[in-house]
Number of protein chains: 2
Amino acid sequence: MTNRLSDNQSQLKSYIIPLSTQNFFISFVYMLSKKTKYAIKALVILGKNMTQPPMQIARIAEEEHIPKKFLEQILLDLRNAGYLYSKKGAGGGYSLNKNPEDIYLVDILRITDGPIAMVPCASLKFYHKCEECHDEVTCGIRKAFIDVRDASLKVLSETSIANIIEREKTSIDLM
Amino acid sequence: MTNRLSDNQSQLKSYIIPLSTQNFFISFVYMLSKKTKYAIKALVILGKNMTQPPMQIARIAEEEHIPKKFLEQILLDLRNAGYLYSKKGAGGGYSLNKNPEDIYLVDILRITDGPIAMVPCASLKFYHKCEECHDEVTCGIRKAFIDVRDASLKVLSETSIANIIEREKTSIDLM
DNA sequence: ACTAAGTCTATATACTTTGTATATTTGCAT
DNA sequence: ATGCAAATATACAAAGTATATAGACTTAGT
């Protein structure tokens with residue numbers, strides 16, 4: 001095993017490819033959707049608005065640079081999930097239906113983007129079988145991504161809208 | 001703040017929406033791409049093949065039910081990144097260029113899917129500014145997702161192809 | 001020289017997200 | 001009661017991306 005390796009290692013030299021021919025199209029798609037970003041932003045701004053009358057979609061859209069019609073749909077989802085209160089008619093608008101301390105990132109993500117796990121077979125709330133999978137019970141990939149899910153789930157379940165608002169008061173330069 | 005809340009709470013009842021009208025189109029897109037899944041599978045099968053001669057693309061494709069032409073591109077990426085050794089001509093094929101113990105999920109993801117973080121402004125290797133961001137230094141969302149990134153990064157940096165192969169020998173029913 | 005493999009570039013297809021348009025409903029204010 | 005302000009609902013258009021396929025080229029073994 002190891003002699004094969006060192007053999008390969010030495011032969012590799014002739015296979016070094018110049019950077020210019022590498023594929024630079026990076027996929028950013030498994031990242032947070034704009035929908036989710038907008039949702040968090042709306043909840044944050046409404047969380048800061050707790051003592052005020054309901055805030056209109058138009059105003060949130062303007063302040064956060066979100067397309068109004070798109071935001072409407074997002075707020076509707078959050079409302080149907082019980083996180084927002086809405087009032088129609090003149091003087092109407094949206095406000096939080098829970099305390100900012102009680103709205104966690106994990107809840108929002110599940111409403112707007114769906115599963116937290118990176119593979120469907122590792123999802124708690126949106127589980128479904130991977131098509132290509134030979135045997136899910138022994139699948140090592142699945143096990144690895146269950147661990148990943150647990151790690152990110154922990155953070156997402158501990159971070160509330162209130163936390164985010166609180167943290168906006170301090171600066172960071174750490175990365 | 002709290003009296004407004006309880007007020008909202010009581011008014012909510014009239015706003016309960018039947019499930020049937022809710023949006024059931026769940027986004028599965030920020031999940032692992034097929035490209036990455038195929039990459040991991042290929043590395044795993046090659047990891048089990050360490051003592052054998054190079055394995056042909058066609059064979060990997062067949063065993064793992066991966067479209068051959070698509071797999072070609074993926075293996076090429078992995079090879080250009082130094083993880084695979086390839087040999088042309090008769091008797092050619094692919095083999096690992098590192099020990100399975102030394103190939104980590106985080107490396108593979110960065111080659112095939114790009115960033116680990118869920119927002120570009122929280123990415124270590126693929127950082128770029130969020131367009132919509134007012135002030136990155138105080139952004140609470142960014143801070144939260146730096147924490148998420150660190151959590152999943154830890155697991156992805158600890159899990160190697162060898163770990164995955166090892167774990168395939170045991171069953172789990174835990175979720 | 002022939003054949004078996006990987007390499008490279010371009011392009012087609014399908015699917016999602018993102019954003020827009022239009023019509024409708026609800027409720028406040030006068 | 002009427003008009004206006006706001007949310008609700010549904011459908012659809014636009015843009016972008018992943019996924020897959022095609023074909024010509026290069027390299028190496030026999």
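Note that these values count all heavy atoms, side chains included, but never hydrogens, waters or copies made by symmetry.
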Report yes if a side-chain nitrogen or oxygen of [X] is closer than 4.0 Å to either non-bridging phosphate oxygen (OP1 or OP2) of [N]; otherwise report no.
| X | N | result |
| --- | --- | --- |
| B:Ser86 | C:dT7 | yes |
| B:Arg59 | C:dA5 | no |
| B:Tyr38 | D:dA20 | yes |
| B:Tyr85 | C:dG6 | no |

Could I get the full list of salt bridge (Lys or Arg N to Asp or Glu O under 4.0 Å) partners for B:Lys69, not counting sequence neighbours? B:Glu72

Can you list the residues that meet the salt bridge (Lys or Arg N to Asp or Glu O under 4.0 Å) rule with A:Lys48, with sequence neighbours excluded? A:Glu168

Protein-nucleotides 22-24 of chain D N/O pairs under 3.5 Å:
from, atom 1, to, atom 2, distance (Å)
D:dG23, O6, B:Lys69, NZ, 2.3

With sugar-phosphate meaning primed atoms plus P, OP1 and OP2, does B:Ile57 contact a base, only sugar-phosphate, or nothing at under 4.0 Å between heavy atoms? sugar-phosphate

Please compare A:Leu75 and B:Lys34 by the position of their nearest nucleotide in DNA chain D and report the one closer to 5'. A:Leu75

If you assign A:Ala90 and A:Leu76 each to the DNA chain D nucleotide with the nearest heavy atom, which residue ends up on the more 5' nucleotide? A:Ala90

Whole angstrom value for the distance that separates [atom2] of [N] from [atom1] of [X]:
| X | N | atom1 | atom2 | answer |
| --- | --- | --- | --- | --- |
| A:Phe70 | C:dT16 | CZ | C1' | 11 Å |
| A:Asp77 | D:dA9 | CG | P | 11 Å |
| A:Lys41 | C:dT18 | NZ | C1' | 16 Å |
| A:Met55 | D:dA6 | CE | C1' | 15 Å |
| A:Leu71 | D:dT8 | CG | C1' | 14 Å |
| A:Met31 | C:dT17 | CE | P | 16 Å |
| B:Gln56 | D:dA28 | CD | P | 16 Å |
| B:Ile66 | D:dA18 | CD1 | P | 18 Å |

Look at the side chain of B:Asn99 and the backbone N and O of B:Glu101, then say whether any donor-acceptor pair between them is shorter than 3.5 Å. no

Between A:Thr36 and A:Leu32, is there a donor-acceptor pair closer than 3.5 Å when you use the side chain of the first and the backbone of the second? no

Comparing A:Gly91 with A:Lys68, nearest DNA chain C nucleotide closer to 5' gives the residue A:Lys68

List in chain and number order the residues that pass side-chain hydrogen bond (donor to acceptor under 3.5 Å, both in side chains) with [X], two or more places apart in sequence or in another chain; answer none if no residue qualifies.
| X | value |
| --- | --- |
| B:Asp107 | none |
| A:Ser152 | none |
| A:Glu63 | A:Arg59 |

Examine B:Lys35 relative to B:Phe70 and say whether NZ or CZ is less than 6.0 Å from the centre of the six-membered ring and inside a 45° cone about the ring axis. no

Output the single nucleotide from [options] whose closest atom is nearest the side chain of [X].
| X | options | result |
| --- | --- | --- |
| B:Lys88 | D:dA20, C:dT7, D:dG29 | C:dT7 |
| B:Tyr94 | C:dT18, C:dT20, C:dG6 | C:dG6 |
| B:Arg79 | C:dT7, C:dT20, D:dG29 | C:dT7 |

